[in-house]
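Only one structure is covered here, and it is reproduced in the block below.
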Amino acid sequence: MTRIAVALTPDFADWECALLMAVARAYLGVDVVTASPDGGVVSSMGGLHVTPDLGYDGLDPASFDALVIPGGLSWESGTAPDFGPLARSFHAAGKVVGGICAAASALAATGLLDRVAHTGNSLSAHREQAAYSGEAYYRDQPRAVSDGRVITAPGSSPVSFTTEILKALDLWGPEAEAEIAAFAGEHR
């Protein structure tokens with residue numbers, strides 16, 4: 001069974017991971033596991049209180065096929081955890097690593113975006129990360145970008161972010177396409 005780990009932060013952007021979680025779990029039979037820094041309850045930007053399945057220390061790449069990190073206000077407030085070791089360990093194990101919105105810039109800080117095509121909220125947001133040197137690979141576009149099992153997206157693109165993650169996990173087929181089409185109709 002495919003397993004996706006969703007690493008939540010305090011004040012995470014609930015809409016950025018909700019479609020992926022719902023389609024993967026309810027329609028494709030994927031095991032979706034949520035985690036928070038210490039395994040405790042986190043609240044989203046919209047006030048949704050989530051009791052995660054585990055803490056970040058329980059996110060072993062050997063047990064998962066993907067690590068997905070939604071953005072949120074914790075990066076703006078300077079309270080976001082350092083995802084560097086976690087993201088690099090998943091990537092080194094050949095797992096899918098996805099970051100949307102501010103989490104795409106968090107991936108920029110890890111070095112994972114230095115040699116793969118990627119996007120995010122803006123190039124300037126990535127440039128704020130001292131370790132980032134992937135400017136030549138940045139794509140200024142409103143849709144998610146997938147390259148080398150790394151998926152990034154601006155915060156306004158949860159539909160294409162979900163699509164690219166499902167494709168990277170070899171879960172894209174008629175059922176996934178039909179479910180995503182239902183949510184992407186307004187973008188046609």
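Predicted model only: the values in this text are computed from it and were never measured.
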Quick one: does [X]'s side chain get under 4.5 Å of [Y]'s, heavy atoms only?
{"X": "H91", "Y": "T110", "value": "no"}
{"X": "L169", "Y": "I4", "value": "yes"}
{"X": "L19", "Y": "F161", "value": "no"}
{"X": "T163", "Y": "W172", "value": "yes"}
{"X": "I180", "Y": "V23", "value": "yes"}
{"X": "L28", "Y": "L166", "value": "yes"}
{"X": "T119", "Y": "P154", "value": "yes"}
{"X": "S105", "Y": "W75", "value": "no"}

Show the nearest heavy-atom pair for residues [X] and [Y], with the distance to one decimal.
{"X": "A93", "Y": "P61", "value": "CB-CB, 3.8 Å"}
{"X": "L113", "Y": "A104", "value": "CD1-O, 3.4 Å"}
{"X": "L59", "Y": "A5", "value": "CD2-CB, 3.6 Å"}
{"X": "Y132", "Y": "A108", "value": "CD1-CB, 3.5 Å"}
{"X": "C17", "Y": "P70", "value": "SG-CG, 4.0 Å"}
{"X": "A144", "Y": "S160", "value": "N-OG, 2.8 Å"}

Heavy-atom donor-acceptor pair, [X] side chain to [Y] backbone, under 3.5 Å:
{"X": "D147", "Y": "H118", "value": "no"}
{"X": "E16", "Y": "G71", "value": "yes"}
{"X": "R139", "Y": "Y137", "value": "yes"}
{"X": "Y138", "Y": "D140", "value": "no"}
{"X": "S157", "Y": "P142", "value": "yes"}
{"X": "T162", "Y": "L20", "value": "yes"}
{"X": "Y56", "Y": "L8", "value": "yes"}
{"X": "K95", "Y": "L67", "value": "no"}
{"X": "S43", "Y": "H49", "value": "no"}
{"X": "R149", "Y": "G94", "value": "yes"}

As an exercise, state the distance from [atom1] of [X] to [atom2] of [Y], rounded to the nearest 0.5 Å.
{"X": "M21", "Y": "D14", "atom1": "CE", "atom2": "CG", "result": "10.5 Å"}
{"X": "L54", "Y": "D38", "atom1": "CG", "atom2": "CG", "result": "11.5 Å"}
{"X": "Q129", "Y": "H126", "atom1": "CD", "atom2": "NE2", "result": "8.5 Å"}
{"X": "L73", "Y": "T9", "atom1": "CG", "atom2": "OG1", "result": "8.5 Å"}
{"X": "L48", "Y": "F12", "atom1": "CG", "atom2": "CZ", "result": "5.5 Å"}

Same apolar cluster (I L V M F W Y, side chains within < 4.5 Å links), [X]/[Y]:
{"X": "V32", "Y": "F183", "value": "yes"}
{"X": "V96", "Y": "V6", "value": "yes"}
{"X": "V42", "Y": "F83", "value": "no"}
{"X": "V68", "Y": "V50", "value": "yes"}
{"X": "L107", "Y": "F90", "value": "yes"}

**OP:** State which residue, out of D65, D31, D53, fulfils the salt bridge (Lys or Arg N to Asp or Glu O under 4.0 Å) condition with R3.
**Re:**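 Only one option passes, and that is D31.
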Original post:
How about R88: does its CZ atom have over 12 heavy atoms from other parts shown lying under 6.0 Å from it?
Top reply: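 More than 12 heavy atoms, drawn from other residues, nucleotides or ligands, come within 6.0 Å of this atom.
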Original post:
Judged by modelled atom types alone, do D114 and S133 share a side-chain donor-acceptor pair under 3.5 Å?
Top reply: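 Distance-only check passes for D114 and S133.
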